[in-house]
Structure formats: C-alpha cells, structure tokens
Engineer: 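Please read through the structure below; I'll follow up with questions.
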Amino acid sequence: MSKGYNISEIAEMFNITTNKIRFYEKKGLLAPTREYDNQYRRFSEEDIVRLQSVLTYRSIGLSVDSIKNILKNNGKENYLTHFNNQWQLVNDEIHRLNTIRKSLEQVMDKIYEETDDFNVKDNLLEIISESNKLNDIKNQWKDKWNFNNWARSYDKDVKKDIGELKIYKNYDLILQKVYDLVEALGRSDLRILEIGVGTGNLAGKFLNSGYNIIGIDQSREMLSVAKEKHPKLKVRLGEFLKIPYENKSFDVIISTYAFHHLNETEKYIAIEEIMRVLKDNGVIIMGDLMFESKASEEEILKVLPQSLVEEIKDEYYSYIDLLKAAFEKYNKKFEHYRVDKLNYIIVVHEQMDFHRK
Ligand SMILES: C[S@@+](CC[C@H](N)C(=O)[O-])C[C@H]1O[C@@H](n2cnc3c(N)ncnc32)[C@H](O)[C@@H]1O
C-alpha cells in the first residue's frame, strides 16, 4: 500500500468535513490517488500542501474557480489578476455594508425618535431607498474612456500634448505645483494618497523625495506602468467613489487630471469619500480641468469650434463655485487658481494661513 493519508485523517488534520474534501476533489482542486483494491483515496504530502493552499485562499474569499486557475498557472500576472479581483470584491462589499450600516442607524434613530409609530414607515422606506440609490451610483461608474488601453502610450501622448484642446501643455508645471504645495506644508511624515495615479508621474516625485505615498487607480494597466517605472511605489486598485481605505487614514490627498471623469452627482459622492479618508486637519490638492462656474463655461464654449465643445462635453469638468460650496460644507477653506484656460489647481485645507509657494 502506498504511503499517505486517508480522507478521515486529512479531515481531522485540517478540522474540516470529509464532504468538503470530496467537494474540492470534484471541482478539480485536489486529485488524490486511489487504492488499487478498494478505491479509497490516498493523500500524499503534495496533496496536503495543495489543500492547505486551497483553504488559505478560501479564507480570504477567493472563488473555487479562481483558486483552480491560480494552482494551474502560478505566474505573477495570474496571481495579480486573482488577488486584485478579490481586493475589489472585498472592497465593494465593505462599501456596501457600510452604506447599509449607515442607513440602519438612520432608520433606528427615526424609530426611536418618532412618537407616532405608524407615521414613521414612509420615512424609513425613503432612507432605505436613498441608501440603495447611493450604492447603485457607486457601483455603476464605468471607465468609458478605456484607460487600460491608453496606459502604455499615455506618457508619450502627454509629452506630445495630443488633442486639439492642448490640455497637457502645462502638465509638468501642474504636477510640480502640486508637489510644491505639499512640500510647503513642511512635514516629511505625511501619509499621502494619490487618486487616479495613472502612470505614476506625480507619485514618483513624492516617492523620490522619501514621502510615504500610495497611489490608487481604477485601471490595472495604468498601475502596471506606474509600478514598472517606480518599483517601490505602493499601488492599489481603487476608485474615487469607493476608496479602499479606512476613515481618517491620510494627511494629504492629491490628484491630477482625474476628477473630471466623474459626473456632477458622482463628484459629490467622491468628495464625501475623500473627506471620509482624510484625517482631521488634512489637506486636499487637486489639479484638473475646471470652469469657474456654469456661466463662465458658456463664455468659453461659445467661441470654440463644435469639435472642441464635443471633446469637452465627453468629460465632466468641475465648476469651481460648486466645488467650493461642497467643501465648505465640511468647514474647509477652499482656494483655487488658474494655470491656463481650462486647468486649475484647488487647495482644500483647514487653516486660514495655509502657506503657498
Ligand atoms: C488622464 S489620467 C491622469 C493620470 C495622472 N494622474 C496624471 O496626472 O498623469 C486619468 C487617470 O485617472 C484614472 N481614473 C479615472 N476615473 C477614475 C476613478 N473614478 N477612480 C479612480 N481612478 C480614476 C484613470 O484610470 C487614469 O489613470
């Protein structure tokens, strides 16, 4: 008889049921040999190591199919695909549950505080449907520009300042200005988050100066390029609407050329998210395409040819007056200045005497 373990021994070893082991075998994750005379399963040391991996991957929620794929192809890209997918699933679930928890709190407060208990029902349904709506918006954001496709040529295109609008003509200046504004805070111990990190051009500046910076982006390809250029940069998949971090995690949040991929409703949700992960006294610095107001947009657009108007309308430039009002609701000071016709930098901070270079 070959050396090895039977199914009951394995079940005991891992404190799981024999049915679970049979299930993994049926799914092709395990392939124990069979004894010649009675067809009983025999598990080798290799099977044990494999089962250990399966159980560990299951413990972080990986699907059986993903595990099968990982075990088949242990290349770096394959691992990254599965773990990034899982990271996204877990993060989505955290956001979904947090929204539910928030609406439960509101619902319970309403019930506690309402004196006439049957008047309360409509209010409850409204709170719950608002929270569902919020989750739907967060989950429906789509990359209609296909940044994965653009990632490999992005840096070259920016240098060439492609596009008739010439929105990249001050690209280097804008990135440098954002960097200088953070430097002016005079602190090297800052925890910085860059949202929409792209190919890592801005994050790279901070990394090279020894700052603690993490870059998130919704595009895996952008993150791959950023990582190739800056191997030490921490990058994660993540979206403005579902930032994959805990409350009050960052001293500074920066972003360039990214916020205009959110429509107006999404921008307000993103601001709530940014404020959630920003520490008290934290600072937000964003360079992006903006108009001072809807009226100034009209002024600018009316002298542009139709093709350029369409290019602008394909994205969602912010209105500075609306952004200002949105951040002021959080008792933040808001400053902005114009870099060129369409590019602005905004600074959102606590103190009146925020020092700019
Ligand atoms: C034009 S690129 C700018 C990249 C980089 N910030 C720079 O200044 O070069 C826009 C980046 O924002 C990312 N992005 C767009 N919408 C996003 C969202 N909702 N959440 C996270 N990243 C987003 C894109 O994937 C892309 O990498």
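In each ligand, atom 1 is the first atom listed, and ligand 1 is the first ligand listed. Hydrogens, waters and symmetry mates are skipped; everything else that's a heavy atom, side chains included, is used.
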Engineer: So, does Glu194 sit close enough to ligand 1 that a heavy atom of it is under 4.0 Å from the ligand?
Structural biologist: yes
Engineer: Under 6.0 Å between the ring centres of Tyr344 and Tyr317?
Structural biologist: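 No, too far apart.
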Engineer: Is there a donor-acceptor pair under 3.5 Å between the side chain of Asp288 and the backbone N or O of His260?
Structural biologist: yes
Engineer: Nearest to atom 25 (O) of ligand 1, what protein heavy atom do you find, and at what distance?
Structural biologist: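 Nearest protein contact, heavy atoms only, for atom 25 (O) of ligand 1 is Asp217 OD1, 2.5 Å.
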Engineer: What do we get for Met222 next to ligand 1 when only non-hydrogen atoms under 4.0 Å count, side chain, backbone, both or neither?
Structural biologist: side chain
Engineer: Using a strict threshold of under 4.0 Å (side-chain N to carboxylate O), is an ion pair present between Arg276 and Glu273?
Structural biologist: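 Salt bridge between Glu273 and Arg276, a charged N being under 4.0 Å from a carboxylate O: yes.
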Engineer: At the 4.0 Å heavy-atom cut-off, does Tyr154 count as touching ligand 1?
Structural biologist: yes
Engineer: Atom 21 (C) of ligand 1: which protein heavy atom is closest, and how many Å away?
Structural biologist: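 Looking at atom 21 (C) of ligand 1, the protein heavy atom closest to it is Gly238 O, 3.4 Å.
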Engineer: What about His261 and Phe147, are their ring centers closer than 6.0 Å?
Structural biologist: yes
Engineer: Using a strict cut-off of less than 4.0 Å between a Lys/Arg side-chain nitrogen and an Asp/Glu carboxylate oxygen, indicate whether Glu93 and Lys242 qualify as a salt bridge.
Structural biologist: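 Lys242 and Glu93: not salt-bridged.
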Engineer: Check each heavy atom of Phe240 against ligand 1 and say whether those closer than 4.0 Å belong to the side chain, the backbone, both or neither.
Structural biologist: both
Engineer: Under 4.0 Å from a heavy atom of Tyr168: which atoms of ligand 1 are those, numbered in the order shown and with their elements?
Structural biologist: 1 (C)
Engineer: For ligand 1 and Trp150, I'd like to know whether there is a polar contact (N/O to N/O, distance under 3.5 Å).
Structural biologist: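 No, there is no polar N/O contact under 3.5 Å.
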Engineer: Can you sort out which atoms of ligand 1 are near Val197, meaning under 4.0 Å from one of its heavy atoms?
Structural biologist: 5 (C)
Engineer: Can you sort out which atoms of ligand 1 are near Glu239, meaning under 4.0 Å from one of its heavy atoms?
Structural biologist: 20 (N), 21 (C)
Engineer: Out of Ala258, Gly198, Gly196, who gets a non-hydrogen atom closest to atom 6 (N) of ligand 1?
Structural biologist: Gly196
Engineer: Below 4.0 angstrom, N of the basic side chain to O of the carboxylate: do Lys267 and Glu315 qualify?
Structural biologist: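 Answer for the salt bridge query: no.
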Engineer: I'd like to know if Lys279 pairs up with Asp251 as an ion pair, taking the criterion as any Lys NZ or Arg NE/NH1/NH2 lying under 4.0 Å from an Asp or Glu carboxylate oxygen.
Structural biologist: yes
Engineer: Using only atom types and a distance under 3.5 Å, with no angle test, would you say the side chain of Arg191 pairs donor to acceptor with the backbone of Ser249?
Structural biologist: yes
Engineer: Taking distance alone, with N or O pairs closer than 3.5 Å, would you say Tyr257 contacts ligand 1?
Structural biologist: no
Engineer: Are Glu35 and Asn38 close enough that a side-chain donor and a side-chain acceptor fall under 3.5 Å?
Structural biologist: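 Yes - a donor-acceptor pair under 3.5 Å links their side chains.
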Engineer: I want to confirm something. Looking only at heavy atoms, which of Gln218, Glu266, His260 is nearest to atom 22 (N) of ligand 1?
Structural biologist: Gln218
Engineer: Within less than 4.0 angstrom of ligand 1, does Gly200 place any heavy atom?
Structural biologist: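 The answer is no, since Gly200 has no heavy atom less than 4.0 Å from ligand 1.
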Engineer: With a 6.0 Å cut-off on ring centres, are Tyr257 and Tyr168 close enough?
Structural biologist: yes
Engineer: With a heavy-atom distance limit of 4.0 Å, tell me whether Trp141 approaches ligand 1 through its side chain, its backbone, both, or neither.
Structural biologist: side chain
Engineer: In terms of atom number and element, which parts of ligand 1 are under 4.0 angstrom from non-hydrogen atoms of Thr256?
Structural biologist: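 Here the atoms of ligand 1 in question are 3 (C), 5 (C), 6 (N), 7 (C), 8 (O).
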Engineer: What do you reckon, does Leu262 put a non-hydrogen atom under 4.0 Å from ligand 1?
Structural biologist: yes
Engineer: Mind checking whether Phe259 has a heavy atom under 4.0 Å from ligand 1?
Structural biologist: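 Checking ligand 1 against Phe259, which is what was asked, there is no heavy-atom contact under 4.0 Å.
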Engineer: Need the ligand 1 atom indices (1-based, order shown) with element for anything under 4.0 Å from a heavy-atom of Tyr171.
Structural biologist: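 Counting atoms of ligand 1 from 1, those under 4.0 Å from Tyr171 are 7 (C), 8 (O), 9 (O).
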Engineer: Quick check on contacts: which atoms of ligand 1 are under 4.0 angstrom from a heavy atom of Ser219?
Structural biologist: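 Selected atoms, number and element: 25 (O).
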Engineer: Sequence neighbours excluded and cut-off under 3.5 Å, please list the side-chain donor-acceptor pairs for residues 12-20, or say none.
Structural biologist:
unit_1 : atom_1 : unit_2 : atom_2 : d
Thr17  : OG1    : Lys20  : N      : 3.1
Thr18  : OG1    : Arg22  : NH1    : 3.4
Asn19  : OD1    : Arg22  : NH1    : 3.1

Engineer: So does Asp321 pair up with Lys294, basic N to acidic O under 4.0 Å?
Structural biologist: no
Engineer: Would you mind listing which atoms of ligand 1 come within a distance below 4.0 Å of any non-hydrogen atom of His261?
Structural biologist: 10 (C), 15 (C), 16 (N)
Engineer: Hey, does Tyr268 have a side-chain heavy atom less than 4.5 Å from the side chain of Leu322?
Structural biologist: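 Yes, side chains in contact.
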